[in-house]
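Presented below is the structure to which this report refers.
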Amino acid sequence: MRKYFGTDGIRGEVGKDPITPEFMLKLGWAAGQVFKEHDKKILIGKDTRISGYMFESALESGIVAAGADVRLVGPMPTPAIAYLTRTFRASAGIVISASHNPYTDNGIKFFSAQGGKISDELEEKIEYFLDQPMVVVESSLIGRAKRIDDAAGRYIEYCKGTFPIGLQLSGLKIVVDCADGATYHVAPRVFSELGADVIPIGVNPDGLNINEDSGATKPELLRKNVLAEEADIGIALDGDGDRLILVDRFGKVCDGDDVLYIIANHLMHTGRFNGGVVGTLMSNFGLELAFSENGIGFSRAKVGDRYVNEKLIQHGWVLGGEPSGHIVCRDITTTGDGIIAALQVLRAMIEEGKALHELLEGLIKFPQKLKNVRVAARFAPAEEPALQKAIAMANEKLNGLGRVLLRASGTEPLIRVMVEGRDQEMVDELVDYLATEVERVAQDKSKQLADS
């Protein structure tokens, strides 16, 4: 068990341990100690939240104090840091971001020299140094920091280069919602430079409005703009650009399962498909059935893009993702990338001559409902007898025609309750019942903690 790292780096509320300037200084020093063994250069990028500037300075100070060099790229999407870490031959990349969370949160993600999430072993090494006294190298060995001014341009060209030469987006009207986050200066240019008529929204970050009523987690603004503009498609990215949610011309919201279905079928139709698709425990059962009918293999990973990536590598497959919109195209890039995934959907639309909704014909989803229950402290639902009894009762009611999943969030103090079944009314009823049971267990735990 690691002390600070969760399933997606380190994340929390700004000003509360460990998301403090003091911790970030020590984290930078610890990372410098670990990664300078391989190469002295560490890349740092961030999203647009106001606290990112504070933490960037703290990390930079810690890294150079350890004797490693820093390359600063400013506000950039998380997948761009993965790409730039590789191209600059850096020993590691650091992203300062809390992804889809509000501006009051922030966090840290690490990428390896190969552009993937760092190993558990490296996370443990960093945590080891976090517990050691911070010692600054002698003055002649202090690292140097430089800013990379053309980082955005490099990433834009990389994204465009993943689209087939000769294929253009001309004739398509696209609304692009950047959630006032890290893609604000990148995503609209990628799609417009490939020929699309782009209507950008969520491109005026002020440090406080990231993910505020916009982006992949709140697509209603995008839906309204698609309908008002009579656009062909709407593209919503989250604050750090690794999630993708779409809206079709009729205003229907399409999630990560829909994106996986479109990309997998297009790869199959064009003879480029390899193996199968990795989803997660949250992927809709209807997606699994549709893939089975089309002869496409399907495997479920634990929730989290790092686990999707691990299972893709294990199987030797190239496509995976989550309903939340993390889509990994390993034949193109090393991590979830909202812009890259959107380009694959647009390619399918153009090459098959179909609108977004037409590409989804054949996918019939089961009604599914997710409710997040905030708790004072995380706990494992599988270890609570009362919750296991409630789950058994819910499964008995579903009678084999649905799924129940209770899991603790790896990044927030939440228990996620999901129910899936053929009947929407029963799904709603069971989600409310299970959420109430989770709240009861959480209250009992809080009371026991207060009494002890």
Side-chain angles (χ1 to χ4, degrees), residues 1-47 49-76 78 81-82 84-98 105-148 151 306 411:
M1 290 295 293
R2 289 178 293 283
K3 184 177 179 181
Y4 299 107
F5 284 90
T7 56
D8 196 21
I10 302 169
R11 191 182 300 183
E13 187 176 347
V14 174
K16 295 184 179 179
D17 191 58
I19 311 301
T20 64
E22 296 90 347
F23 177 83
M24 294 302 172
L25 175 67
K26 190 68 176 293
L27 179 62
W29 178 82
Q33 293 293 339
V34 171
F35 292 112
K36 74 177 182 180
E37 298 174 7
H38 310 285
D39 186 297
K40 287 185 62 178
K41 192 165 48 188
I42 298 176
L43 206 75
I44 300 179
K46 60 189 177 185
D47 63 24
R49 64 194 75 219
I50 193 167
S51 59
Y53 294 88
M54 174 173 65
F55 295 137
E56 178 186 59
S57 298
L59 285 166
E60 176 190 343
S61 296
I63 291 169
V64 298
D69 294 337
V70 174
R71 297 292 180 267
L72 301 165
V73 301
M76 287 291 289
T78 289
I81 305 306
L84 293 167
T85 299
R86 299 197 314 271
T87 59
F88 277 96
R89 305 298 191 268
S91 58
I94 299 176
V95 183
I96 307 166
S97 174
D105 290 349
N106 216 329
I108 301 294
K109 302 178 189 180
F110 285 89
F111 284 105
S112 69
Q114 294 74 38
K117 298 291 175 67
I118 64 171
S119 66
D120 292 348
E121 181 184 2
L122 284 175
E123 289 182 352
E124 288 164 6
K125 273 190 175 182
I126 292 171
E127 292 208 347
Y128 165 79
F129 280 107
L130 279 168
D131 289 334
Q132 305 307 308
M134 182 173 168
V135 179
V136 180
V137 297
E138 63 175 89
S139 295
S140 64
L141 299 177
I142 290 174
R144 299 174 184 271
K146 296 180 182 178
R147 189 163 294 279
I148 299 171
R306 72 178 296 167
T411 57

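Throughout, residue positions are numbered sequentially from 1 according to the sequence presented.
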- Query: side chain to side chain contact (heavy atoms under 4.5 Å, CB included) between Ile19 and Ile10: does it pass, once the steps are laid out?
  - Reply: CA-CA 8 Å; Ile19 311 301; Ile10 302 169; 4.1 Å; yes
Do [X] and [Y] come within less than 4.5 Å of each other through their side chains, counting heavy atoms only?
X: Tyr53; Y: Ile96; value: no
X: Ser112; Y: Leu122; value: no
X: Met134; Y: Leu25; value: yes
X: Val14; Y: Arg49; value: no
X: Phe5; Y: Glu124; value: no
X: Ile148; Y: Leu72; value: no

- Tell me, yes or no, whether the heavy-atom count around Ile142 atom CD1, taken from other residues, nucleotides or ligands under 6.0 Å, exceeds 12.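 It does: Ile142 CD1 has more than 12 such atoms within range.
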Between [atom1] of [X] and [atom2] of [Y], what distance do you get to the nearest 0.5 Å?
X: Ile126; Y: Phe110; atom1: CD1; atom2: CZ; result: 4.0 Å
X: Ser97; Y: Met76; atom1: OG; atom2: CE; result: 13.0 Å
X: Leu130; Y: Lys3; atom1: CG; atom2: NZ; result: 8.5 Å
X: Ile94; Y: Lys109; atom1: CD1; atom2: NZ; result: 13.5 Å
X: Glu56; Y: Ser61; atom1: CD; atom2: OG; result: 10.5 Å
X: Asn106; Y: Glu13; atom1: CG; atom2: CD; result: 11.5 Å

- Query: When you check the side-chain N and O atoms of Ser119 and Glu121, is any donor under 3.5 Å from an acceptor?
  - Reply: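 The answer is no; no qualifying pair exists.
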Please check: side-chain N/O of [X] versus main-chain N/O of [Y], any donor-acceptor pairing under 3.5 Å?
X: Glu127; Y: Tyr4; result: yes
X: Asp69; Y: Arg144; result: yes
X: Lys41; Y: Phe88; result: yes

- For side chain to side chain contact (heavy atoms under 4.5 Å, CB included), just list the numbers for Arg306 and Asp8, CA-CA rounded to whole Å, side-chain angles, deciding distance to a tenth of an Å, and then say yes or no. CA-CA 8 Å; Arg306 72 178 296 167; Asp8 196 21; over 6 Å; no
Nearest heavy atoms of [X] and [Y], plus distance in Å:
X: Phe111; Y: Lys117; value: CE2-CE, 3.8 Å
X: Ala68; Y: Ile42; value: CB-CD1, 4.3 Å
X: Ala98; Y: Asp47; value: N-OD2, 3.7 Å
X: Met24; Y: Leu59; value: O-CD2, 3.4 Å
X: Pro21; Y: Ala58; value: O-CB, 3.7 Å
X: Gly67; Y: Lys40; value: O-CE, 3.0 Å

- Message: Please determine whether side chain to side chain contact (heavy atoms under 4.5 Å, CB included) holds for the pair Val64 and Val70, giving the CA-CA distance in whole Å, both sets of side-chain angles, and the decisive distance to 0.1 Å.
- Response: CA-CA 7 Å; Val64 298; Val70 174; 4.0 Å; yes
